[in-house]
Amino acid sequence: MKVALLGCGVVGSQVVKLLHEQADDLAARIGAPLELAGVAVRRLGRKRDIDVDPALLTTDAEALVTRDDVDLVVEVIGGIEPARSLIVAALSRGKAVVTANKALLAEDGATLHEAARAGGGDLYFEASVAGAIPLLRPLRESLAGDHVRRVLGIVNGTTNYILDQMDTSGASFTDALEEAQALGYAEADPTADVEGFDAAAKAAILAGLAFHSRVTAEQVHREGITEITATDVASAKAMGYVIKLLAICARSDDGSSVGVRVHPAMIPRTHPLAGVREAYNAVFVEAESAGQLMFYGKGAGGAPTASAVLGDLVAVARNRLAGARGPRESTYASLPVHPMGETVTRCHVALDVADRPGVLARVAEEFAQHDVSIQTVRQEGHGDDAQLVIVTHRATDAALTATMESLRKLEFVRAVAGVMRVEGDE
Ligand SMILES: NC(=O)C1=CN([C@@H]2O[C@H](COP(=O)(O)OP(=O)(O)OC[C@H]3O[C@@H](n4cnc5c(N)ncnc54)[C@H](O)[C@@H]3O)[C@@H](O)[C@H]2O)C=CC1
Ligand SMILES: N[C@@H](CC=O)C(=O)O
Ligand code: NA
């Protein structure tokens, strides 16, 4: 079976390495050897960390994917174009494609799936979400007989690395980001990581598979971590919480729609996700019959991601030899994505207020007027002022946002700070 590799960066170079190192085992597992037909790169002369036969390198990716002798295509270039055109060219010729490209799948997965359907080949993408962790195959295959209610977790290694460094060693945001880039975790443009775009793309893919519906990145409510300060991290710590960037995909209570969101949240330090350190990822899947499942492992980095790519490569090669196909895209449920305002969540807020009689009662009244119930209040005196730290019970995001807006207008409120959603302790 001949394999065309598109892209030879952090992930691609590890794919080449594993194809060499595991050649005999892969041939035995598939029933036929995998042979690298060519490697499309941007520049031929670049010095590479791995040993790749220079005769295999080409800058003409299109000619490579359309070659008649190529059976399987691995796309690890990233981004929308030319990745989309190259994948469509391969799929429409009946070749199988393995990709790690979450940005493309979440923006225009429909085009790729349609090309796979028309061409009759497989489209596999396990590496696109949570790197090495087998997560998409369990959702697509193992849980195909169950009813998934919620998928919740940490799906971006770079931001988890940054937040973990800020929490444990007090590192600055900038230093931690530079380390994550040097370790090969970050996207080519790290804005995709720190502004939550990468996690939002992964959330869209997860929601699509979990709820048998088409979800695009555009429909995902997205907030990144760039506004999180050392003070936020420290005050979360003081209250027994840790801040994590979470992706949450959940059916509404009546099951008629789904909410898909990515935002920083405070979780109790006793929660299993609080122990997810460095660039590790962890995802909970809650299904009606299976109950709660947790998937944990390396979500970023060249070798872990290449492991997922190779797993897919073996699967599509086996299917091809057997004249079979893997599962098609499943969107029959067509559940709509509801707006963030309808999502039910909890909130933490730190209010700097004048310390005088009636203030606490007036603040409580503002919450009550918006139908938001308070779970805990802690007050600390600061001379003539006081800080009220409030954690609410569950309320719609619209009600919580409206409450914060009203609080800002109160004459005795000096500042509304540390507004952050709280997850995982109810
Ligand atoms: N690095 C990671 O931890 C993970 C990456 N991914 C995904 O894997 C894909 C690749 O990521 P990385 O390897 O980290 O990126 P990278 O930037 O290290 O590698 C991409 C390579 O593609 C090359 N390239 C760009 N345009 C090209 C073209 N037209 N023809 C041939 N080559 C071209 C670039 O020169 C670069 O060497 C992306 O979709 C990324 O989102 C997925 C999971 C984890
Ligand atoms: N940039 C991503 C890489 C894996 O998808 C991350 O940091 O998780
Ligand atoms: Na994965």
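Both backbone and side-chain heavy atoms feed into the values below; hydrogens, waters and symmetry mates do not. Every number for a ligand or one of its atoms is a count from 1 in the order of the listing.
Judged by distance alone, the side chains of D254 and S256 do bring a donor and an acceptor atom under 3.5 Å apart.
Taking the centre of each ring, F367 and H393 stay at or above the 6.0 Å mark.
Using bins of under 30°, 30° to 60° and over 60° for the plane-to-plane angle, the ring pair Y280/Y296 lands in the parallel bin.
Within the cation-pi definition used here (under 6.0 Å to the ring centroid, within 45° of the axis), R137 does not qualify as a partner of Y124.
When non-hydrogen atoms are compared, ligand 1 lies under 4.0 Å from the side chain of R46 (C-beta onward) but not from its backbone. For V10, heavy-atom contacts with ligand 1 shorter than 4.0 Å involve the backbone as well as the side chain. Residue contacts with ligand 2 for A186 involve N, CA, C or O but no side-chain atom from C-beta outward (heavy atoms, distance under 4.0 Å). Under 4.0 angstrom from ligand 1, there are no non-hydrogen atoms of A103. Contacts of A300 with ligand 1, taken as heavy-atom pairs under 4.0 Å, involve both backbone and side chain. With a 4.0 Å heavy-atom cut-off, ligand 2 is reached by the backbone of N156 and by its side chain too. Residue contacts with ligand 1 for R43 are absent, since no atom lies close enough (heavy atoms, distance under 4.0 Å). Counting heavy atoms closer than 4.0 Å to ligand 2, residue T159 contributes nothing at all.
Exactly one of R346, Q375, H348 qualifies for a side chain to side chain contact (heavy atoms under 4.5 Å, CB included) with T392. That residue is R346.
The shortest N/O to N/O separation between E187 and ligand 2 falls below 3.5 Å. An N or O contact shorter than 3.5 Å links G157 to ligand 2 by distance. Between T158 and ligand 2, a contact under 3.5 Å exists for at least one N or O pair.
Taking a distance limit of 4.0 Å, we find that atom 15 (O) of ligand 1 is approached by no protein heavy atom.
In this structure, E75 does not count as a contact residue of ligand 1, since none of its heavy atoms falls inside 4.0 Å of the ligand. Put simply, part of V76 is less than 4.0 Å from ligand 1, judged by heavy atoms. In this structure, G131 does not count as a contact residue of ligand 1, since none of its heavy atoms falls inside 4.0 Å of the ligand.
Taking backbone and side-chain atoms together, G131 has an N/O/S atom less than 3.0 Å away from the Na ion (ligand 3).
Atom 5 (O) of ligand 2 has as its closest protein heavy atom K102 NZ, 2.5 Å.
In this structure, O of I133 and O of E126 enclose an angle of 150° at the Na ion (ligand 3), rounded to 10°.
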